[in-house]
Engineer: 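Before we start, here is the structure in question, set down as C-alpha cells.
By convention in this document, chain letters (A, B, ...) are assigned in the order of the sequence lines, proteins followed by strands, and residues within each chain are numbered from 1. Everything numeric here is computed off the predicted structure, so don't read it as measured data.
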Number of protein chains: 2
Amino acid sequence: MTGKSIGLQLRRNGFKLTPQRRAIIDVISGSEEHLTPSDIYSRLQHKYPGIGLVTVYRTLELLENSGLLCEVHIGDTCRSYLKRKRPGEHHHHLVCAGCGKVVDFVDCELGDLENRLTSETGFSIDSHLLEFMGRCASCRKLVSK
Amino acid sequence: MTGKSIGLQLRRNGFKLTPQRRAIIDVISGSEEHLTPSDIYSRLQHKYPGIGLVTVYRTLELLENSGLLCEVHIGDTCRSYLKRKRPGEHHHHLVCAGCGKVVDFVDCELGDLENRLTSETGFSIDSHLLEFMGRCASCRKLVSK
DNA sequence: GGCTCAATTGAAAATGATTTTCATTTATAA
DNA sequence: TTATAAATGAAAATCATTTTCAATTGAGCC
Ligand SMILES: [Zn+2]
Ligand SMILES: [Zn+2]
Ligand SMILES: [Zn+2]
Ligand SMILES: [Zn+2]
C-alpha cells in the first residue's frame, strides 16, 4: 500500500487529507523501521517543520483505527508503528534489534497449538501476538567488525 | 515457585528481605492475573497499607532482573507482571481479556518457522514473543448471561 | 540481645509521555 | 466563493515512571 493510497483511504472514510497528515503518512511510508510518535516527530522536523507532536499522536490514532498501521511490541515501548502493507491480511513481524528494520511474514501456523490450548484450558482464543527478534544482515556485519 | 522461595532466592542473591518486599511478593504470588505496578499498589493497601508506589516499582525491577517475574504484553500496557512459576523454563502465556487470568504453556514449536525465516531473510533470530488472547471459561459465562 | 553499616524506604520533586482544552485555521462539499 | 464541521497547535492537565535525599532498618557480628 502506497502513501498515496493510504491518504485516499482516509478520505474514503470521511476524513480530511491535510498537509500534516500527508507528511506523517509520507514519513511512515518511507521507513522500513518501526517508529515511535517522537521518532516520527523528529523526522518531520527536517522535511515538514512546524507540525506538532499532538498532531502526530492524533494521526497515528486515526490511522490505527482505520487499520492502516501495524504495531510492534518489541523492546520496552509498546508504541511503535509501521505502515501496514496489506490491510486486513494476517501477518507477523521479524524485527531487527539493531536498526529497527521489520520484515513481515504471513505463515504463522499456530492453528494446531491454538486448538490444543482451547481444549486443554477451556479458554476461547480470539487472537495472538507473535514477533521474532533478531539482527538483520547489515547490523550483524557492524557488530562483527 | 512459592512466595517464600522467591524471598529466599532474593536473599541468596544478596538482597534484603524486607516486609515491603514480602508483601509485594505475597500479592504477586497470590494472583492468577497479571498485575501492573498500580494494580499491585492498590492490592497492597488492604493488607499492608503504607507501602509506597516507588517501592513497588523498585521491587518489580529487582524481581525482574532476578528472573523471577514474567511480563505480559497483552492489551495496551506493556507493563504487567506475573510470578514466574519455573524460572528459566521457556514458556508462553494464554491470557484472558476479561479477568486477566494467565495460563502458561511450554510447547511453542516455532523452531521450523524460525529456521525458515533465518534463511529467507538473512536475519539471525535471538528470541520471540508469543501470546494468545482469549476468554477463560468463567468470563465466557458472564458474557453469555 | 545490642551495635554497625550498607541497603532500603518513602515523600517530594523531576522527568517524560500522552491527553485534554480551546481558540484559530482550513479542507471539502455545495 | 462560501459555509461549516473537522483539524490544528499551543498550553495546560494528567498520568506513569524515575530521581533525589534524609530517615529507617535488615542482617551479620560481637
Ligand atoms: Zn538491523
Ligand atoms: Zn498468526
Ligand atoms: Zn477470565
Ligand atoms: Zn517459544
Engineer: Do you know the tightest heavy-atom contact between B:His73 and B:Glu131?
Structural biologist: N-OE2, 2.9 Å
Engineer: Atom CG of B:Asn13 and atom P of C:dT8: how far apart are they, to the nearest Å?
Structural biologist: 11 Å
Engineer: Under 4.0 Å, heavy atoms only, any strand: does A:Arg11 hit a base, just the sugar-phosphate, or nothing?
Structural biologist: sugar-phosphate
Engineer: Separation of B:Leu10 atom CG from D:dG26 atom P, in whole Å?
Structural biologist: 15 Å
Engineer: Is the distance from OP1 or OP2 of C:dG10 to the nearest side-chain N or O of B:Thr55 less than 4.0 Å?
Structural biologist: yes
Engineer: Considering only side-chain heavy atoms of A:Leu17, which listed nucleotide, D:dT8, D:dA27, C:dT28, is closest?
Structural biologist: C:dT28
Engineer: Which of the following nucleotides, D:dG9, C:dT28, C:dT9, is nearest to the side chain of B:Arg58?
Structural biologist: C:dT9
Engineer: Quick one: is D:dT8 close enough that its OP1 or OP2 comes under 4.0 Å of any side-chain N or O from A:Thr18?
Structural biologist: yes
Engineer: If the plane angle is over 60° it's perpendicular, under 30° parallel, otherwise tilted; pick one for A:Phe105 and A:His92.
Structural biologist: tilted
Engineer: If you assign each of A:Leu62 and B:Pro37 to its closest nucleotide in DNA chain D, which residue comes earlier from the 5' end?
Structural biologist: A:Leu62
Engineer: For B:Tyr57 and C:dG10, give me the distance from atom OH to atom P, rounded to whole Å.
Structural biologist: 15 Å
Engineer: Does a side-chain N or O of B:Arg21 approach OP1 or OP2 of C:dT8 to a distance below 4.0 Å, or not?
Structural biologist: yes
Engineer: Considering all heavy atoms of both residues, which atom of A:Leu113 and which atom of B:Asp107 are nearest to each other, and what is their separation?
Structural biologist: CD1-O, 3.6 Å
Engineer: Take atom OH of B:Tyr41 and atom C1' of D:dT17, then tell me their distance rounded to the nearest Å.
Structural biologist: 14 Å
Engineer: Choosing from C:dT9, C:dT21, C:dT19, which nucleotide comes nearest the side chain of A:Arg79?
Structural biologist: C:dT19
Engineer: Would a distance-only check, ignoring hydrogens and angles, find a side-chain to backbone donor-acceptor pair under 3.5 Å from B:Asp26 to B:Ala23?
Structural biologist: no
Engineer: Could you check how far CG of B:Leu53 sits from P of D:dT19, rounded to whole Å?
Structural biologist: 15 Å
Engineer: Given atom CG of B:Leu60 and atom P of D:dA16, what is their separation to the nearest angstrom?
Structural biologist: 14 Å
Engineer: A:Val54 side chain: which of D:dT17, C:dT20, C:dT28 is closest?
Structural biologist: C:dT20
Engineer: Could you tell me how far apart B:Gln45 (CD) and C:dG10 (P) are, to the nearest whole angstrom?
Structural biologist: 10 Å
Engineer: Can you measure B:Phe15 atom CZ to C:dA6 atom P for me and round it to whole angstrom units?
Structural biologist: 17 Å
Engineer: Heavy atoms, side chains only, cut-off 4.5 Å: are A:Ile40 and A:Leu60 in contact?
Structural biologist: yes
Engineer: Please tell me if A:Gln20 has a side-chain N or O lying less than 4.0 Å from either OP1 or OP2 of D:dG9.
Structural biologist: yes
